[in-house]
Amino acid sequence: MRLYSAFSIAVLAFGSLAAVSQNQATPKASQKSVQKAAAPQVAQTPPIHPTNQRLLAGTPPMGWNSWNFFAGRVTDQDIRNAADQLVATGMKDAGYVYVNIDDTWEGDRDADGVLHTNSKFPDMKALADYVHSKGLKLGIYSGPGPQTCAHFAGSLDHEAQDAQLYASWGIDYLKYDLCSFRQAVMTAQAPNDKAAQMQLMIAAYDKMNKSLKAAGRPIVYSFCQYGWDAVWEWGPSVGANAWRTTGDIQANWNSIYTILNEQAGLAKYAGPGHWNDPDMLEVGNGKLTLAENRTHFSMWAMLAAPLLAGNDLPNMTPDVRAILTNRDVIAIDQDRLGSEATRAYSEGELDVWTRHLSGGAMAIAIINAGSDRYSTHPFHLSLAKLGLHGPLKAKNLWTGEDVTLTDNMPLELPSHEILLVRIAAPK
Ligand code: GLA
């Protein structure tokens, strides 16, 4: 029981913090039209193009994306501010290097088919130079259809041209979003043939894959088609460095917990250079409590997910910054073994996930998705169900404390809280 006390105190230390909610407004997705302005243009499946070797050997990409906070309002200045803040807050030093512009940067194509930016992004090359000058990388967004999800220009029939344009600007990351391709191409060309529709989709993603490689610049290629049609089975063969496994995340517990549960069973498809993507982080957005922010961040790290923050960096609270820059948790995400967590077992509202780490280490995450668990009705952790034997020395990655795990030890966990531990030498 002494062990229990020490452990539960560490866990309950989050209790008071968990009551504090974040009050940052998250604007709704905007489809508003933007004034057009002038401007200038197979993972692990051989053969791997030389320009993509580095990406394929890599750990999950880390950075920031504009969509979850700014949606359609994002501007050049917001991207510069985000880059500045990644540096100023220490996030860059913690590993966040991609600054990704999501939808609504696009303008019109000219007579030669060259895509121009709209008035929110007056000079993309200058923006890329600015981001690069900070030691960061710049990401951009498009899709295989005639239009993006926010009804801006997509890359259909301009794939090579767009890939060359991105390379000429110095783009380092492309999120490629299915959206209008379904109606405009799949349904239109093969109305009653699902198999043919799927082949059209795969061919479209491969077309941009080949275009990016021909453009000659290493560009992380991130698929966004919401996890349809078992994308994890075919995405890597057409160049995906990451593929969305879900619909759009929202800044609330139900969305995050639903997405988390949908990841069970997908671990075997991920590995170095090709990752399941349960969507971008909502840490610091909406009314997520600190416990929910911790659980969200911890589990995306356990899932070896791309860690793309999506919050308002200039107005980030110290608590949110501390979560996003927790080096121990980031190290789980970035572990070079690249082995994603699996759900070991659930018991009512409690879930236990484990992840194998390099050097024979292991991470265990225990989530309470229900109401507070007190000493009167604690959760009992079964090490036997994890193939482990206590006592085991571990580190609590949120308190930094050393803890000892014993079989069937009782755990108190506040609602939506996580206990995340790393065991250096599991047995
Ligand atoms: C889709 C994607 C989102 C975002 C928007 C932009 O909904 O899933 O992540 O990129 O499009 O329009």
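None of these values were measured; they are calculated from a predicted model. Counting starts at 1 for both ligands and their atoms, in listed order.
- For D279, no nitrogen or oxygen atom sits less than 3.5 Å from a nitrogen or oxygen atom of ligand 1, counting backbone and side chain alike.
- Ligand 1 has at least one atom lying under 4.0 Å from a heavy atom of D102.
- Remark: R80 qualifies as a cation-pi partner of Y130 under the 6.0 Å distance and 45° angle criteria applied to the six-membered ring.
- Atom CZ of R109 sits in a crowded spot, with more than 12 heavy atoms from other residues, nucleotides or ligands closer than 6.0 Å.
- Near Y226, with a cut-off below 4.0 Å to any heavy atom, the atoms of ligand 1 are 8 (O).
- Between the side chain of N276 and the main chain of L266, a donor-acceptor pair closer than 3.5 Å is present.
- Looking at atom 11 (O) of ligand 1, its nearest protein heavy atom turns out to be D177 OD2, 3.0 Å.
- D248 OD2, 2.7 Å is the protein heavy atom nearest to atom 7 (O) of ligand 1.
- For the pair K175 and D102, the salt-bridge criterion is met [side-chain N within less than 4.0 Å of a carboxylate O].
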Chi angles and distances behind the side-chain contact (heavy atoms from CB on, under 4.5 Å) call for L136, V87: CA-CA 9 Å; L136 300 166; V87 175; 4.2 Å; yes
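- Every atom of ligand 1 with a heavy atom of K175 under 4.0 Å away is listed here by number and element: 3 (C), 4 (C), 9 (O), 10 (O).
- Contacts between C224 and ligand 1 below 4.0 angstrom, taking non-hydrogen atoms only, involve the side chain exclusively.
- Nearest protein heavy-atom contact of atom 12 (O) of ligand 1 is D103 OD2, 2.8 Å.
- Contact annotation: the side chain of S211 never approaches that of Y166 to less than 4.5 Å [non-hydrogen atoms, C-beta and beyond].
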